[in-house]
Protein chains: 2
Amino acid sequence: MRSVTSIDVAKLAGVSQSAVSRAFSSSASISDRTRQKVLAAAAALGYRPNRIPSIMLSGRSCMVGVVIGGLDNPFYASALERLAIALRQAELQVLLVQVDDALTLDTALDQLASYRIDAIVTSLAVGSKSVADALSELQTPVICFNSSLVGPWISTVVSNNYGAGQTAAGIFLKQGVTNPVWLAGPAKNAASRARAEGFCDTLKRASGHSGALIKLRGDDTYQSGYNAVRRLLQRGVRPDGIFSSNDMMACGVLDALRERGELHCPDDVIVVGYDNIPQAAWHGYDLTSFDQRTDQMVAVAMDMLDTALQTVDHPYSETRLINAQLIERGSTRPGN
Amino acid sequence: MRSVTSIDVAKLAGVSQSAVSRAFSSSASISDRTRQKVLAAAAALGYRPNRIPSIMLSGRSCMVGVVIGGLDNPFYASALERLAIALRQAELQVLLVQVDDALTLDTALDQLASYRIDAIVTSLAVGSKSVADALSELQTPVICFNSSLVGPWISTVVSNNYGAGQTAAGIFLKQGVTNPVWLAGPAKNAASRARAEGFCDTLKRASGHSGALIKLRGDDTYQSGYNAVRRLLQRGVRPDGIFSSNDMMACGVLDALRERGELHCPDDVIVVGYDNIPQAAWHGYDLTSFDQRTDQMVAVAMDMLDTALQTVDHPYSETRLINAQLIERGSTRPGN
DNA sequence: TTGTAAGCGTTATCAT
DNA sequence: ATGATAACGCTTACAA
C-alpha cells in the first residue's frame, strides 16, 4: 500500500505540489482559498505529511536520543517521564535507547547516529572515559544528568551532591550522632562518590568522628540496603545515624531496622536518603531525603539543549549545578 | 557542518557510490578487496551510513511508536524497560510518546504518523472508543497491553484479569473471609473492571457474601489506597480481607492498617494486590500479589508485532490472554 | 563484481 | 500567491 503523497493531494486539489507543502506549513504565504482546497483534498485522501524527506533536506531530524537504564528505580522513571514531557513541549521526538552496560551503549550509539538524531540526553550514572570518547566521536550534542563525563560535545547538569552531603552531615552533627554510617552506591557512580565526600569531609572537620565513620557499600538497590544493615546489626554494631546514597537502599535500611527491632528509627537511629522517590513519602517509611528537583534539572537540560541545537557545528560544553532540596521527614525527627 | 556522505567515501576509496552502499549491506555481492577499501575510507572520514534515505525508499522506518504514561507506577516502568529491550533485540527503534490524556494522544499520533513509524505499542489503560478510532485511522498496526480497545488494526495482549479475580476470591473463601473489600482502580480501567468481576462473581456464587462485599474506589495511587482504608476504619468497619486492584494502592492499604493499629495484617485482615511490583516484595509489605508476567506478555507482543509487520497492507487483529501468576507472601499467611 | 542512473517525498529557490 | 525545478543521500534495477 503506497501511502498517499503530496502529489496525490495536489492532483485532486488541482494545485501544484508546492501548494500542498505550503498548506501544511504555518510560515508560508498561501491564500486561504488554496489552503482550504488542499486541506479538503488531503482529508479526503487521508494524507499525512511525511517528515522523513524534510529530514534529508534540513539535516535535522528533530529527534533526540534518550539513553536510559535502571527504570526499576522510581527516580529514573520519574526523571524520564518529566524529560519526555519537556521534549514533547519543545516539539522534539524521543528516540529511546535502553542500556544495561557499556556494550549495548556502543551499538546503541551507532543506531542513534544512523537515524541522524539532533542530540543525546542521558541519565546514565556510568562515567567511564571510553563512553565519553564514544559520545564525543558522534559530533552530536550530549546532555548528561548527574554524570562526571567530560568532553567537547558533552554538557552536564548535576545535583549539588557534595553540598547535599555536607547538609546531611550537618543534620547528624546537630542531632549528636556519634556512630555515623555511610551507605555508598556503586563505586563507579560519580554522584554517590561526591555525596560521600561532602558528608565525610564535614564530619571529619567537625570533630573526632573521622575514625568512627563506618562505610558500607551497596549497589543502589533496596535489597543491598537491607542486607548491609542486617549484617551490620548482626555484627553487633549499633549506629545512631545512617546516610544512604539513595532512597531505594534507605528503604531497605529502614525495613532491616524495623524487622530486627533492636534499634528504632528515628529515636535510636536517624536515617537520611537521596532522590526523594515517592516511596520516601509513604507512611511506612517517612524518610528524610534530598530532592534533586528533577523539574529544575530538566528545565536546565532543555535550556542547554536549546543552546546546543543552535550552536550546531561547534562543540558546546557546559556544566550546571542544581542544589538539592532537603525534605525533612520523620526519619530524622526523634521524640515524635 | 555537512556530514560525510557515501559520495565522499566513494571518492576517497576510488569506487562508485553503489560500492559504498554495498560495502555496508550484508546481503550484497561485493569483493572483499573493494569492501576493505570502502571500509578504510569510511573509517578515515568518520562516515556513518544514514538511514533516513533508506526509509524513504523502503517505506519502513524500523521505528515503533511506544505510547506510555504513568511511569510513577513501577509496574509500567518495568514493562517499558522490558519492552525496550525486546524491541532493541528485534532491531527496532523506540519512538517514545509520553501521554497524560486523550488530548496529548491525538497530537502525539499525528507526530508518530509523520515519522512513518512501522507500528505502535501502548500500555495505556484507557480504552475509549475515540482513541480506538484515532488509532485505526492511522492504518498502522497497534499492539496494546491490557486494554479493551478493539479495531481492525488493533491487537491486544491481556492479563487474565477475570481469572485472577477468581483466584483472589478463592483465597478469601479458603481463609474464611466474611467481610471482604474490593478496592477498585479508575472506572475507565478495563483491567480493573475485569478483576472486579472475577472476584465478585466468585464470592457471590460461593455464599452469602454478595451483600456483604464492600466496594471502594481508588485511582491506582498509593495515597488513594491509604485514604480509602483510613476512611473505612474511621467509619468503624472491620474488614478481614482486602483485594486491591493494584499493588500501589495495596501498599497504601497496608500502611493505613499498620498506622491505625486496630487490625493487623495478616492475622486480622488479609490483603492481596496486583502487578507484583518490586515494593510488594519489600520486607515492610510482604504483599501477596499477581504477577502479570510481563516477560511473557512482551514476548507475545513481539510475536504479534512480527506478524503485523509482515502482514503489512492488511489490518491484523488478535487478542491473546496471559494467565497471571499468584505470588503468595505474608499478607495472606495468618499465624506466622 | 562493478558502475550508471533513476527515484524515494518533501522543501527551498526562483521565476512568473 | 503560485508553479516549476533542483536538491537531500541513499538503494536498486539495469547495463557493462
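Numbers restart at 1 for each chain; the letters A, B, ... are given by sequence-line order, proteins then strands.
Among the nucleotides C:dG9, D:dT11, D:dT2, the one closest to any side-chain atom of B:Gln17 is D:dT11. Among D:dG3, C:dG3, D:dT2, the nucleotide with an atom closest to any side-chain atom of A:Ala19 is D:dG3. The A:Leu57 side chain lies nearest to C:dT10 when the options are C:dT10, D:dT2, D:dG9. When each of D:dT11, D:dG9, C:dT10 is scored by its nearest atom to the side-chain atoms of A:Thr5, the top-ranked nucleotide is C:dT10.
In summary, the side chains of B:Ser18 and B:Ser21 do not present any donor paired with an acceptor at a separation below 3.5 Å, with no hydrogens or angles considered. Between the side chains of B:Thr294 and B:Arg82, at least one donor-acceptor pair of N or O atoms lies under 3.5 Å.
In this structure, the helix from C:dT1-D:dA16 to C:dT16-D:dA1 shows an angle of 30° between the axis at its start and the axis at its end, each fitted on 5 base pairs and rounded to 10°.
Contact between the side-chain N/O atoms of A:Ser54 and the OP1/OP2 oxygens of C:dT10 is not found at any separation under 4.0 Å. Look at B:Tyr115 and you won't find any side-chain N or O under 4.0 angstrom from OP1 or OP2 of C:dT10. Here A:Ser31 reaches the OP1 or OP2 of D:dT2: one of its side-chain N or O atoms lies under 4.0 Å away. Residue A:Thr34 places at least one side-chain N or O under 4.0 Å from the OP1 or OP2 atom of D:dT2. Residue A:Ser3 places no side-chain N or O under 4.0 Å from the OP1 or OP2 atom of C:dG9.
Per the geometry, CZ belonging to B:Arg33 stands 14 Å off P belonging to C:dT1, to the nearest Å. For the pair A:Lys37 NZ and D:dG3 P, the computed distance is 7 Å after rounding to whole Å. Rounded to an integer number of Å, the gap from A:Phe24 CZ to C:dT11 P is 10 Å. One interatomic measurement links the two molecules: CG of A:Asp32 to C1' of D:dT2, which rounds to 15 Å at whole-angstrom precision. In this structure, B:Ile55 atom CD1 and D:dC8 atom C1' are separated by 14 Å, rounded to whole Å. Here C:dT10 presents its P atom at 13 Å from CZ of A:Arg48, a figure rounded to the nearest Å. Distance A:Ile52 CD1 to C:dT10 C1': 11 Å, rounded to the nearest Å. Summarising the geometry, the separation between CE on B:Met56 and C1' on C:dA6 is reported as 13 Å, rounded to the nearest angstrom.
Among the protein residues, A:Ser29 comes within range of the nucleic acid bases, having at least one heavy atom under 4.0 Å from a base atom. In this structure, B:Ser58 reaches neither bases nor backbone, as no heavy-atom distance under 4.0 Å exists between it and the strands shown. Counting non-hydrogen atoms under 4.0 angstrom, A:Tyr47 reaches the backbone sugars and phosphates but no base. Base contact: A:Arg22 has a heavy atom under 4.0 Å from a base atom.
Residues A:Ala134 and A:Asp106 approach most closely at CB-OD1, 4.0 Å, considering heavy atoms.
Although no hydrogens or angles enter the test, the distance criterion places no donor-acceptor pair under 3.5 Å between the side chain of A:Asp275 and the main chain of A:Phe75. Formation of a donor-acceptor pair under 3.5 Å by the A:Thr140 side chain with backbone atoms of A:Leu138 is found in this model. A:Thr311 places a side-chain N or O within donor-acceptor distance of the main-chain N or O of A:Thr307, the cut-off being under 3.5 Å.
Between B:Phe24 and B:Tyr47, a ring centre-to-centre spacing shorter than 6.0 Å is recorded.
The existence of a salt bridge linking A:Arg51 and B:Asp110 is excluded, since no basic side-chain nitrogen approaches an acidic carboxylate oxygen closer than 4.0 Å.
Residue-to-nucleotide contacts include no donor-acceptor pair under 3.5 Å from the side chain of B:Ser21 to the base of D:dT12. Within 3.5 Å, a donor on the side chain of A:Ser18 pairs with an acceptor on the base of D:dA4, or the reverse.
Among B:Arg88, B:Glu91, B:Gln93, the one residue that satisfies the side-chain hydrogen bond (donor to acceptor under 3.5 Å, both in side chains) test with A:Gln111 is B:Gln93.
Two residues, B:Val15 and A:Ser6, neighbour DNA chain C, and the one matched to the more 5' nucleotide by heavy-atom proximity is B:Val15.
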